[in-house]
Amino acid sequence: MEKPRKRIAGAIRDKERTMLKLIAAVGEIIKNEGYTALGVNNIAKKAEVNKKLIYRYFDNNVNNLIETYVKTKDYWIGLSGDMERLMAESQIDGGRPMVKTILKTHLSFFTLKRKCRRSLSGKPVKKVN
């Protein structure tokens, strides 16, 4: 009988936290050094992780990491996938579901953005109802 793999939650082996650190590092580099400074070594150094993790978590391509950063910062890109369906449905039902979906997406986007900032800063994240 095979034993299940031991999972450790912490600074080591926490994929989600590492990905957030990498995404935040991209933002910091763009803000402080400019787009041209976005290289694997510089991002890994800023995030304080091994550069191999960029390749592992972002399909062997630093551009996928940069694209993920852009998508997390652009509210409308996150909503664009549902927009055509919502527009078609709004002609039938007066647009109520469309407005509801836009507002829910808007709220969750900005709530997540605040949680990410706090988790990276080390401050406790408050529960939002």
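For clarity, every value in this text was computed on a predicted model and none was experimentally measured.
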How far does CG of Leu65 sit from CD1 of Ile23, to the nearest 0.5 angstrom?
6.5 Å
Between Asn63 and Phe58, is there a side-chain heavy-atom distance shorter than 4.5 Å?
no
Rounded to the nearest 0.5 Å, what's the gap from CG on Leu20 to OG1 on Thr68? Could you check?
11.0 Å
Can you measure from OH (Tyr55) to CG (Asn64) and round to the nearest 0.5 angstrom?
12.0 Å
Closest approach of Ile54 to Val40 (non-hydrogen atoms, all atoms of both residues):
CD1-O, 3.6 Å
Minimum heavy-atom separation for Ala25 and Ile43, please, with both atom names.
CB-O, 3.7 Å
Side-chain contact, heavy-atom cut-off 4.5 Å: Tyr35 with Leu38?
yes
Any donor and acceptor pair, going by atom type alone, linking the side chain of Asn32 with main-chain N or O of Glu28 inside 3.5 Å?
yes
Hey, are the side chains of Leu53 and Lys15 touching, using non-hydrogen atoms and a 4.5 Å cut-off?
no
Report the distance from atom CG of Leu22 to atom NZ of Lys51, rounding to the nearest 0.5 Å.
13.5 Å
Calculate, to the nearest 0.5 Å, the distance between atoms OG1 and CZ belonging to Thr18 and Arg56 respectively.
10.0 Å
Starting at NZ of Lys21, measure out to CG of Asp14 and round the result to the nearest 0.5 Å.
9.5 Å
So, do Ile30 and Val26 sit near enough that their side-chain heavy atoms are less than 4.5 Å apart?
yes
If you define the side chain from C-beta out and look only at heavy atoms, does anything of Glu33 sit under 4.5 Å from Lys46?
yes
Counting only N and O atoms by type, is there a donor-acceptor contact under 3.5 Å from the side chain of Asp59 to the main-chain atoms of Asn61?
no
